[in-house]
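Let me begin by presenting the structure, written as structure tokens, before commenting on it.
This structure is a prediction, so every number in the text was calculated from the model and none was measured. Index from 1, following the sequence. In each ligand, atom 1 is the first atom listed, and ligand 1 is the first ligand listed.
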Amino acid sequence: MKNPKTEICDAILARKRFVLTSHAKPDGDSIGSQLAMAYALEVLGKEVRLVNADPAPAHYMEFPGVSRIEITREVIERPGPHDAEALIVMESSDLQRTGVAGLAGRFTINIDHHQGNTVFGALNWIDESAAACGEMVFDLIEALGVPLTIEIATHVYLAILTDTGSFHYSNITPKTFDICRRLTEAGVNPAAMARRVFDQNSFGKLKLIGALLAEMDLLDGGRLAAMYLNDDILNATGTTYNDTEGLINLPLTAREIRAVVFFKLGADGDIHISMRSKYDVDVRAVAARHGGGGHKNAAGFKVKGPLGAVRDGILKEVTDAIALGVQLRA
Ligand code: 5GP
Ligand code: MN
């Protein structure tokens, strides 16, 4: 039997038109993986359409090709009878996670590195050991024989730099650095990339950071931090939801902290809950109980509000996860 990567290569080479998508509220890995793949397909002479439910964070707009991504909640066109088309979905546990309707019923290639992927494609390549989906895309591009153009290398680097939390997280392997070495040889400038990705705060975002930290709760003897985002804070600081990317990591920089829960209140009454943790504290298990997903140290889910009704229960679950994680480590 062929391995999934080889099967995906064959399927790509046999097709002409591609729709590429990733999860709603895209992050650096989804944008980087999607665009690296798009540039590689174009080197092979393929037609590529990029579709996402939400725009990329504003400071990614200057990365090559980001402005080409169509922002839509529904794809209307159906594939033709000869089905020369394939849908490539990256970073998504299921099709719903894309936030884009109308994608079902196509020949689907599913590429992901999260636990809990529902294996919804005709071809599925799930590698939980990959530090970023971008690592898998790098492998695929290499297997397709496409040379590393600067656009491809830049996007793979963006994916890895962001999904490893700038080389902070436990999913980094020698392979991660091997890939980054190749990307650097292809012309990527790591210092410039770090500045472009991380040193992009507006003054509003600095104020947002101040406001969120001022309102943060410290719980469980300083091992757990809870942060709360609502429209009032965004309005007061002149920021938008996109400005919150990465801010969940701030409390983690405190020595004692083992986990952070970030409650983001949407206008629709939904609460998106992001969680981060250190060491053996498994926040994915908490997310999975609520229909969400992610990784052991970075996970999320959505619940219906109001905040007061769900807050204590969720914080209790994370407190228990901290206790369990500390036990495992002892
Ligand atoms: P973030 O907190 O940055 O939104 O997400 C952290 C991790 O959890 C990412 O790997 C992301 O894919 C995953 N994640 C966040 N929210 C959800 C969700 O609602 N469903 C699933 N399946 N995964 C999520
Ligand atoms: Mn990822």
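- For ligand 1, the atoms lying closer than 4.0 Å to a non-hydrogen atom of F301 are 16 (N), 19 (O).
- Taking the Mn ion (ligand 2) as the corner point, the angle from E91 atom OE2 to H113 atom NE2 is about 80° (rounded to 10 degrees).
- Not a single heavy atom of E91 sits under 4.0 Å from any atom of ligand 1.
- The side-chain contact (heavy atoms from CB on, under 4.5 Å) with L234 is formed by just one residue from the set T239, D243, T240; it is T239.
- Atoms of ligand 1 found under 4.0 Å from any heavy atom of G293 (numbered from 1 in listed order, with element): 8 (O), 13 (C), 14 (N), 20 (N), 21 (C), 22 (N), 23 (N), 24 (C).
- The shell of residues lying under 4.0 angstrom from ligand 1, judged by heavy atoms, excludes K25.
- Using a cutoff of 4.0 Å between basic side-chain nitrogens and carboxylate oxygens, R15 and E85 are not scored as salt-bridged.
- Nearest protein neighbour of atom 17 (C) of ligand 1, counting heavy atoms only, is G300 O, 3.3 Å.
- For ligand 1 and H114, the ligand atoms under 4.0 Å from any heavy atom of the residue are 9 (C), 10 (O), 12 (O).
- Of all protein heavy atoms, the one closest to atom 4 (O) of ligand 1 is H272 CE1, 3.4 Å.
- Here the heavy atom of the protein found nearest to atom 7 (C) of ligand 1 is A298 O, 3.4 Å.
- When only non-hydrogen protein atoms are considered, atom 11 (C) of ligand 1 lies nearest to R97 NH2, 3.4 Å.
- Rounding to 10 degrees gives 80° for the angle at the Mn ion (ligand 2) between OD2 of D163 and OD2 of D29.
- Below 30°, between 30° and 60°, or above 60°: for H295 and H114 the angle between ring planes is between 30° and 60°, a tilted geometry.
- Other residues, nucleotides and ligands contribute at most 12 non-hydrogen atoms within 6.0 Å of the CZ atom of R195.
- Under the 3.5 Å distance criterion, the side-chain polar atoms of S92 are left unmatched by any main-chain donor or acceptor of V89.
- Between F167 and F177, the distance from one ring center to the other falls under 6.0 angstrom.
- Every atom of ligand 1 is numbered from 1 in the order shown, and the set under 4.0 Å from a heavy atom of S274 is 1 (P), 2 (O), 4 (O).
- The existence of a salt bridge linking K5 and D127 is excluded, since no basic side-chain nitrogen approaches an acidic carboxylate oxygen closer than 4.0 Å.
- Those atoms of ligand 1 that come under 4.0 Å of a heavy atom in S93, given as number and element, are 22 (N).
- The nearest heavy-atom contact from the protein to atom 6 (C) of ligand 1 is R276 NH1, 3.5 Å.
- In summary, the side chains of E128 and N171 do not present any donor paired with an acceptor at a separation below 3.5 Å, with no hydrogens or angles considered.
- When each atom of ligand 1 is checked for a heavy atom of H295 under 4.0 Å away, the hits are 10 (O).
- The neighbour count for K207 NZ, taken as heavy atoms of other residues, nucleotides or ligands under 6.0 Å away, does not exceed 12.
- Classification of the F63-H155 ring pair by plane angle, with boundaries at 30° and 60°, yields tilted.
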